[in-house]
Amino acid sequence: MTFSFCIRFNRSPTDTIQTEASEIVLRHDSAPSPLKLHAPDPEGSILNAKQLVFTGHGYTSLEAALTAGETYQRALVIALARHRIGADFGVRSAKGIFTNHGLSWLEEQVGQRILNNVHGLMAFESEPTPRFALTEAKPLRGVNQAIFEAAFASAVSGNHQLSERETVAFSLFNASFFQQTVDSQFLLLMMAIETLLDPQARSVVACLHVQKLIEQTKISALPDLDKISMMGSLRWLANESISQAGKRLAHSRLGDRLYNDLPAPRFFTNCYDLRSRLVHGSIPYPIFEEVSGAVGALELFVSDLITSPFLGIPV
């Protein structure tokens, strides 16, 4: 009995490998058989395929196949990045998966072994040769026509002008809907909020304390580059933090309206903490489910936040 691995990934829409072939063979001494990069459609080309598949066969155990797949996936990530070909390996994306019952039903229909076509890396018994099933449910949301017309009429009657900050915030909010991962969607939504923030000065006492720290740093024996860097950081302390400014904005616009069962200011704080962990690589690093569990409520939060000055808080 032998085992195989398969790595399915989406390539960036503007970058590809220049070959009309449907398959290329990549050899490596450690592989028991040739490694193949190919288009899902045997009649298609790697050049035009939006999705590519990398496979290896002939491994003696499921664990060996999986370990080899992990090794070659890392190599793929590096090689593709070197030539600026974006690739989504499904590491932090939702998976479309058939249940065992669904797979059995499909096998009865086609008379062949069926496996889930996992987005990313999977390992499996090589024989009998399987076919792969993929489900990609994309639900469509809709707003009631009358409700939309009322919002439009209200926006027109207000004759509103958008500030530069607000224009950028709306642009980032709209861009978030076109992202392929919840991570990028989440970060764009947080950026839309941060665009609106205007941190206010702290109390007079706090500002005087910060100024003393700056003066002490200025006359210290530290190297000049360290002084400049530290004094720059200290000047930021004269104003409230991003977290404080966000809480203040959330409260002023949305009060204690609930998002994920949290009042608006507290919800912003939780999302900002999640954003910091995601961007700065804090441990424990946020798992996919944590970000995906927040992004839906965050989308609603940002929608309410950026439109409430013009349309009021939704009832």
Side-chain angles (χ1 to χ4, degrees), residues 1-13 15-83 85-139 180-181 288:
M1 179 183 299
T2 60
F3 296 82
S4 305
F5 72 80
C6 172
I7 303 171
R8 180 173 65 89
F9 64 97
N10 302 327
R11 69 161 178 82
S12 51
D15 311 280
T16 189
I17 299 172
Q18 294 288 344
T19 176
E20 293 287 354
S22 63
E23 175 183 287
I24 58 177
V25 176
L26 303 173
R27 300 183 183 277
H28 193 272
D29 293 342
S30 65
S33 63
L35 304 167
K36 297 181 180 180
L37 178 66
H38 60 90
D41 180 3
E43 302 299 321
S45 70
I46 289 176
L47 177 69
N48 295 315
K50 296 180 180 179
Q51 187 180 95
L52 294 171
V53 183
F54 187 82
T55 56
H57 307 283
Y59 296 91
T60 57
S61 69
L62 191 66
E63 293 75 14
L66 190 60
T67 298
E70 291 170 346
T71 297
Y72 293 122
Q73 179 167 311
R74 289 193 294 269
L76 269 176
V77 168
I78 295 169
L80 291 168
R82 168 47 61 95
H83 297 288
I85 301 175
D88 171 15
F89 287 89
V91 176
R92 294 180 62 83
S93 61
K95 313 291 184 182
I97 299 294
F98 283 96
T99 63
N100 289 334
H101 177 76
L103 291 174
S104 297
W105 181 84
L106 287 172
E107 288 177 346
E108 291 176 1
Q109 303 305 306
V110 301
Q112 187 176 352
R113 179 184 173 209
I114 302 292
L115 297 178
N116 274 306
N117 197 4
V118 174
H119 183 183
L121 170 64
M122 64 181 295
F124 51 91
E125 290 183 18
S126 303
E127 300 297 336
T129 302
R131 290 178 63 179
F132 296 92
L134 174 65
T135 175
E136 293 182 310
K138 294 183 178 180
Q180 297 299 310
T181 70
F288 167 79

Apply side chain to side chain contact (heavy atoms under 4.5 Å, CB included) to Thr129 and Arg113, showing your working.
-> CA-CA 7 Å; Thr129 302; Arg113 179 184 173 209; over 6 Å; no
For Ser4 and His57, indicate whether the former's side chain and the latter's backbone hold a donor-acceptor pair under 3.5 Å.
-> no
Are any of the side-chain heavy atoms of Ile114 and Phe132 separated by less than 4.5 Å?
-> no
Separation of Leu62 CG from Met122 CE (nearest 0.5 Å) = 9.5 Å
Output the distance between atom OG (Ser12) and atom CD1 (Ile85), rounded to the nearest 0.5 Å.
-> 7.0 Å
May I have all residue pairs that pass side-chain hydrogen bond (donor to acceptor under 3.5 Å, both in side chains) and include part of residues 37-48, sequence neighbours excluded?
-> Ser45-Asn48
Partners passing salt bridge (Lys or Arg N to Asp or Glu O under 4.0 Å) against Glu125 (at least two apart in sequence or in another chain) = none
Shortest non-hydrogen pair, Cys6 vs Val53, comes out as SG-CG1, 3.5 Å
Residue pair Leu37 / Ile17, side-chain heavy-atom distance below 4.5 Å | yes
Would you find a donor on one side and an acceptor on the other, under 3.5 Å apart, between the side chain of Glu20 and the backbone of Ile46?
-> no
Determine whether Phe9 and Gln51 make a side-chain contact, defined as any pair of heavy atoms from C-beta on separated by less than 4.5 Å.
-> no
Is it true that a side-chain atom of Arg8 and a backbone atom of Gly120 form a donor plus acceptor pair closer than 3.5 Å?
-> no
Does Asp15 offer a backbone N or O that forms a donor-acceptor pair with the side chain of Arg11 under 3.5 Å?
-> yes
Where Gly58 and Ser33 come nearest, the two heavy atoms and their spacing | N-OG, 4.4 Å
So how far is it from Ser61 OG to Met1 CE, rounded to the nearest 0.5 Å?
-> 11.5 Å
Residues in ring-ring contact (aromatic ring centres under 6.0 Å, His included) with Tyr59, at least two apart?
-> Phe5
So, do Thr60 and Thr2 sit near enough that their side-chain heavy atoms are less than 4.5 Å apart?
-> no
Is there a side-chain contact between Leu80 and Phe89 (heavy atoms, below 4.5 Å)?
-> yes
Could you tell me whether the side chain of Thr19 reaches within less than 4.5 Å of the side chain of Leu47, counting heavy atoms only?
-> no
Residue among Lys50, Gln180, His119 satisfying side-chain contact (heavy atoms from CB on, under 4.5 Å) with Asn10 = His119
Find out whether Phe288 and Thr181 are in side-chain contact, i.e. whether some heavy atom of one side chain is under 4.5 Å from a heavy atom of the other.
-> no
Kindly compute the distance separating CG (Leu26) from OH (Tyr72), expressed to the nearest 0.5 Å.
-> 10.0 Å
Tell me, do Thr55 and Leu35 make a side-chain contact under 4.5 Å, heavy atoms counted?
-> no
